[in-house]
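Residue numbering restarts at 1 for every chain, and letters A, B, ... go by the order of the sequence lines.
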Amino acid sequence: MVSVNTRKRMYETMVTARHYEERLQEEYLEGKQPAFDISAGPIPGELHLAAGHEAAAAGVCAHLRPEDTVTATHRPHHVAIAKGVDLKRMTAEIFGRRTGLCKGKGGHMHLFDPDVNFACSGIIAEGSPPAVGAALAAKKRGTTDVAVSYLGEGAISQGGFLESLNLAAVQNLPVVFVIEDNDWAISMPKGRVTDVENGSQRADGFDMPGVRVDYDDALAVYETAHDAVERARAGNGPTLIEVQVHRRMGHFMGDAEGYRPKEDVERAKRLDCIERLADDLREEGVTDGDLAELTDRAHERVEEAIEWAKEQPEPDPEEAFADVFVNPPVRGEIVSDGGADDADDLEATDAEPRESDADDGGEDR
Amino acid sequence: MVSVNTRKRMYETMVTARHYEERLQEEYLEGKQPAFDISAGPIPGELHLAAGHEAAAAGVCAHLRPEDTVTATHRPHHVAIAKGVDLKRMTAEIFGRRTGLCKGKGGHMHLFDPDVNFACSGIIAEGSPPAVGAALAAKKRGTTDVAVSYLGEGAISQGGFLESLNLAAVQNLPVVFVIEDNDWAISMPKGRVTDVENGSQRADGFDMPGVRVDYDDALAVYETAHDAVERARAGNGPTLIEVQVHRRMGHFMGDAEGYRPKEDVERAKRLDCIERLADDLREEGVTDGDLAELTDRAHERVEEAIEWAKEQPEPDPEEAFADVFVNPPVRGEIVSDGGADDADDLEATDAEPRESDADDGGEDR
Amino acid sequence: MTQQVAKRELTMSRAMVEAIAHEMRESEDVFYMGEDVADYGGIFDSTQGLLDEFGYDRVMDVPISETAYIGAAVGAAQAGMRPIAELMFVDFFGVCMDQIYNQMAKNTYMSGGSVNVPMVLTTAVGGGYNDAGQHSQTLYGTFAHLPGMKVVVPSNAYDAKGLMHSAIRDDDPVVYMFHKRLMGIGWMPAPEGPKTDVPEEDYTVPFGEAAVKREGDDATVVTLGLHVHRAMEAAEGLADDGIEAEVIDLRTLVPFDTETIVQSVRKTGRLVVVDEDYRSFGLTGEVVARVAERALDDLEAVERVAIPDVPIPYARPLEQAVNPSTADIAEAIRTVHE
Amino acid sequence: MTQQVAKRELTMSRAMVEAIAHEMRESEDVFYMGEDVADYGGIFDSTQGLLDEFGYDRVMDVPISETAYIGAAVGAAQAGMRPIAELMFVDFFGVCMDQIYNQMAKNTYMSGGSVNVPMVLTTAVGGGYNDAGQHSQTLYGTFAHLPGMKVVVPSNAYDAKGLMHSAIRDDDPVVYMFHKRLMGIGWMPAPEGPKTDVPEEDYTVPFGEAAVKREGDDATVVTLGLHVHRAMEAAEGLADDGIEAEVIDLRTLVPFDTETIVQSVRKTGRLVVVDEDYRSFGLTGEVVARVAERALDDLEAVERVAIPDVPIPYARPLEQAVNPSTADIAEAIRTVHE
Ligand SMILES: Cc1ncc(C[n+]2csc(CCOP(=O)(O)OP(=O)(O)O)c2C)c(N)n1
Ligand SMILES: Cc1ncc(C[n+]2csc(CCOP(=O)(O)OP(=O)(O)O)c2C)c(N)n1
Ligand SMILES: [Mg+2]
Ligand SMILES: [Mg+2]
């Protein structure tokens, strides 16, 4: 049985994530009017939102401690929020600010928060091997830390994921692989790219337990993840979980979803994991007032983070040349100018801050 | 029921392959005395012999036609022989001669015989995707050709193989994947690198049939392969087969096998698939005289091939610069000298044939 | 004579797709494989409209498993077909390079020419829209360094079509790198330059011939892809100051047209190489070295303008600091001209 | 004063392993992962003897799945350990480059330095023993081109040990490329050069400092790895004819010691770059370009000697034709000297 408190916490996490995505969407589209220009506006570049995926984040991460590692995908915000990533600095990163988690170098697909051992990346299944490595480190050090590797259902055919299953299994490592099955990999429906309906079936080929949660019920996810995480912590090895989620938006902002049947979009919106959990909480006697309170607090936190982020300074151009190494070479030269000249001419050439305007879409607009 | 004729043909193939390996071993070690020098002798470089694997080659390839594609591994000779690769030109290739299958450019790990659609390569699982591609071509063209991808049991954890299973399955392609399980990947026993005892279990994760032949009985392989190949030809999709074989020698020539229990070597030698098939043939009424005749013919063919190969000319050094492209650029320059100078100075620099001596182990001996 | 020949301006993506469609009509052997190439039409419009005409069998969506499907293209090509396989972003090469460089590129040579691999690997390159370090690279040098693949980089619609015809008809593997910012994608505004007149009929742009986009006596600017347009802009700007730069668009990296560059440098004596790839161990060094080998006596000054050996950062001021701008190029030209 | 300090000559592999063993003794965080690194001791002796002292947990055999285990090393490194992961042959990079260049190399930068990846990727390079196109490459340029990894290439036992200590202690990812022909492996005879005196105690060879192996006024030969020994041999041979070549061993590619090379060329005026990697878009071009940028006026002649942009062929006469020999180097020195 999942306690009401836990349910409420998950609810708040999910509402935070949902509101965060909605607000990012607004911010993202600002400055991309009237014509959509990916490089314009306060948040340029690709933006992959996870509205409809929240149950998979909250239900799993509810079991995790800061010491546990999570590697997320190109669609990372809900998981980051559930894992406890610093929301302000994460937002600042997404807005490309100097005080962002990565000083503006990573952006929304490359959020790193070592305080809670969270990372994500933009290449399909790329996070699986490092998660296995974090688990390996835990095993070597004799801790009870676990690692969770998130993937989309489109990633279950990628070699790096499949190799990771085997390595985790044979080394008996404390890893939980979590597939968020939102039915689509950009425009490709699951059935077009694999014969298995149940992605957790991939585990069968590696003698690893595989479990599927057929509906995005945060409580079912919570319970399934509970077993997997406990199994891992107890030194009994990895588990593969697939969770059915729903993609409420396009693959990335700007995706018109011409390939997607309208009913499928509607269905995804109808099957709302947050509504489902709210209903459950009501059944448990939680009042609408209580829920509204949680929601308000969540919204407030999101607003605060976005407000804070937007006040943060942009990085100086010359910061682009730092951080390639934490231990930069002394004598050997690393080219560190933007182009034309030698390192010692840095000030003379590219490092002079160019005009940078938050609404400027770059050279070729 | 496998006809006696088919059994005899398989026997001859297997004896040919075995004798071939034994003779190559002799030739290889010649010139590597007293101290083993990998770069010396008539066959330099790595040499991976497949003695003990013959049943997996003969039992599968007995079902194949020249139009069918086979991609083999770094341990390819037995499969090449079973597939009907030109033995003389293959041998010339292994001896690095100009009339070899690849004009001396490929060597023993890179044998290509387009006449029978055979290829092999030296990177683990690298042959699987091209085999899937050949099968895709067959499907697109509406032929009944199939493709067979050979792998070692060590390869079943490699991403390229696992991805290929999925692609073949979802496209329903006429491919048969054949794992030769010789218990070892160089020095690593199977149990150290994967949790599954039965490699064909990998198929389970992709909704593909997987079958294991638990002992290297050519007849059992033949029958299993029969079903798989027919299934593929009929358009019913791929199959994964694992065959237990035995590694009678080191991983490559020169491997002292310090890591391998002596009993395991002895066991591998005791469990001889050729002896097994001979016994079977005797039970079917084939006389020792008949078997000797097959053996003699096989040995003769091998001797002829080796003799022929050794008479073949070595390539000229300047041939090294040809064949990068079949359609070499006209105007755009491709650097085609061995080093110091421009293309038009070719004669003046490296293309002048250097001393090349078949017993010369190269610059640094 | 009152009738005017209607000129047809196409975006680079339309031109590229036109060549593909033409070749697909000509031969059943040509087909396209990639992620999101069917219904979506290619994330960067590289297959826009093809599904309607050719159907799912010839415009194939494939699982996200680049090793498997690019390797499958190799196998199909060796079986005599002429596949086009798309690597959505060149940045993803790391998951499938083995099939690309060890099979696609080497099988012809390693087979002594008995096998050939007539396939095209298309891939999107380039940054400038804040997509960060895993989605903004060009990696020109990485591909051109490894032998056995022809490597082409169109900078405009005319070349895009002609190079695509050449690529599909070529009996060798061709890596066709198209710059996102040049494609004319609705959501990613392009400079005007890449949109050019494009003949309706098929034609080829031969490999190994660089294009002199602008003549000048004062400096030679060698570049490719997006930066052809920035170099042209820089050159036009400097013309006001009486500095005349010659701008050369490499168009193909393998084969490489050393001759055109050397001739130009013999005239100008000054070389600026502009590249959107990482600066060290890549294209810029190669161009300088080829000129130094052939025309050292004529070479008076040299500058390289490229990504300064850092991963490509996300935030706008940071990315702008590392991606060579028109101003950077102008400054380099001034420097060599001094 | 009658007592002599006993000198210890070690093979390069022994020296490399000695450093690893030392660091493993110092810290539980250091461990080694790779194929055949436990019982076998590394196909090229890179872990010989380590299993006996440290056991299977710290000298780990792993499944043939380079993406998984090299990526796992990244994860373990980010968790604060100091893994060493071995890619058996550098030629296999194609199956796992994503984890190497997109994670290991970029995570420090992309995290703004909040994460670092203190791991070493060891890998065997080089040909000359007829192992053909998939097992004979060096790929120096491929690794050095992509930012975020330090890249080192020892040419002798002393450097091998010192560079390994530096690599393991470095807080950044280091690619440690050891040339098979230098390791002193029983079955692969090596030239004598790489076997050197090696102190028992630990010491570091700093990154970014090339070594002048031989002084000379007539030409500068820049090279690395195996070809340091060929260049030395060529230089000694030419000394008889009165030509004195300066031979520089780069030792590390990232960071790169431009200064030492430029100083030498300022003196000699002539540059020969010798590389066992492919010629174009790689190391040779980079060296020439760096010299051209800094010392163009002093540069009178330049030659590149490298693998001529063909895959590496199998047969002995063919491989010898493409792998730069002592004679090729001597000829190049003569050419620039003329
Ligand atoms: C190796 C690789 N191939 C392709 C891509 C491009 N890509 C980014 S997201 C995506 C679809 C992913 O689908 P899925 O895994 O189901 O995750 P979702 O986006 O649905 O959350 C693709 C193909 C990539 N980033 N990396
Ligand atoms: C990607 C890759 N990794 C590692 C190797 C080195 N290697 C060559 S053969 C081999 C062992 C293969 O074992 P298995 O697949 O069982 O085949 P077997 O040699 O037993 O026939 C290894 C690790 C390689 N060639 N390619
Ligand atoms: Mg999905
Ligand atoms: Mg094996």
Side-chain angles (χ1 to χ4, degrees), chain A residues 69 71 93 98 100-107 110-115 117 119 121-123 125-138 140-141 145 147 159-160 162-168 170-171 173 319 322-335 341-342, chain D residues 28-29 31 33 57-58 60 62-81 83 95-96 98-99 102-103 105-118 147-148 150 170-173 206-210 252 254-259 290 293-294:
Chain A
T69 293
T71 60
E93 185 59 33
R98 163 192 274 164
L101 283 174
C102 314
K103 304 183 189 163
K105 286 179 171 140
H110 311 287
L111 302 165
F112 292 83
D113 189 347
D115 288 346
N117 290 295
S121 64
I123 309 285
E126 195 182 54
S128 293
V132 171
L136 180 67
K140 284 190 180 303
R141 291 174 158 174
D145 301 338
L162 297 162
E163 290 188 1
S164 296
L165 293 182
N166 183 64
L167 184 58
V170 74
Q171 291 279 338
L173 298 177
E319 291 173 34
D323 295 325
V324 178
F325 297 114
V326 289
N327 175 22
V330 186
R331 174 162 166 202
E333 175 206 17
I334 291 289
V335 177
D341 239 318
D342 294 335
Chain D
E28 287 279 332
D29 287 334
F31 64 101
M33 278 203 279
D57 276 353
R58 297 187 63 201
M60 290 174 62
V62 289
I64 309 175
S65 52
E66 287 81 0
T67 294
Y69 77 78
I70 292 174
V74 174
Q78 289 177 179
M81 302 198 73
V95 302
C96 56
D98 185 59
Q99 289 295 327
N102 260 336
Q103 289 274 304
K106 287 185 188 158
N107 279 0
T108 302
Y109 187 82
M110 290 198 303
S111 71
S114 75
V115 155
N116 68 315
V117 191
K150 297 175 181 174
D170 203 293
D171 288 333
D172 292 310
F207 294 169
E209 294 192 14
T252 73
V254 180
F256 192 91
D257 182 358
T258 309
E259 206 38 48
R290 286 187 187 227
E293 285 172 322
R294 305 286 191 93

Self-check item: Top of D:Ile64, D:Asp170, D:Val117, D:Asp57 for chain A proximity - count of heavy-atom pairs under 4.5 angstrom
Solution: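 Heavy-atom pairs under 4.5 Å are most numerous for D:Asp170.
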
Quiz item: How many angstroms lie between atom CZ of D:Phe207 and atom CG of A:Asn327, to the nearest 0.5 angstrom?
Solution: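 The distance works out to 8.5 Å.
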
Practice problem: Run the numbers on A:Arg141 and D:Glu28 for salt bridge (Lys or Arg N to Asp or Glu O under 4.0 Å), then give the verdict. | Solution: CA-CA 9 Å; A:Arg141 291 174 158 174; D:Glu28 287 279 332; over 6 Å; no

Practice problem: Identify the two heavy atoms, one from A:Val326 and one from D:Gly113, that lie closest to each other, and give their separation to 0.1 Å. | Solution: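 Closest heavy-atom pair between A:Val326 and D:Gly113: CG1-O, 4.2 Å.
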
Quiz item: How far apart are the closest heavy atoms of D:Pro147 and D:Ala105, and which atoms are they?
Solution: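 Looking at all heavy atoms of both residues, the shortest contact is O-CB, 3.5 Å.
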
Can you list, pair by pair, the side-chain donor-acceptor contacts under 3.5 Å of residues 67-81 of chain D, counting residues two or more places apart and other chains?
from    : atom 1 : to       : atom 2 : distance (Å)
D:Thr67 : OG1    : D:Val95  : O      : 2.6
D:Tyr69 : OH     : D:Glu86  : O      : 2.6
D:Gln78 : OE1    : D:Asn107 : ND2    : 2.6

Proximal component of [X], with respect to chain D [non-hydrogen, under 4.5 Å]:
| X | answer |
| --- | --- |
| A:Ile123 | side chain |
| A:Val170 | side chain |
| A:Ala135 | neither |
| A:Glu93 | neither |

Self-check item: Qualifying residues under side-chain hydrogen bond (donor to acceptor under 3.5 Å, both in side chains), relative to A:Lys103, sequence neighbours excluded
Solution: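 A:Asp323.
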
Exercise. Name the region of D:Lys106, side chain, backbone, both or neither, that has any atom closer than 4.5 Å to a heavy atom of chain A.
Key: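 Contact with chain A involves no heavy atom of D:Lys106 at all.
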
Practice problem: Just give me the residue among A:Gly100, A:Gly133, A:Pro129 that pairs up with chain D most often, heavy atom to heavy atom, under 4.5 Å. | Solution: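 The candidate making the most pairs under 4.5 Å is A:Pro129.
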
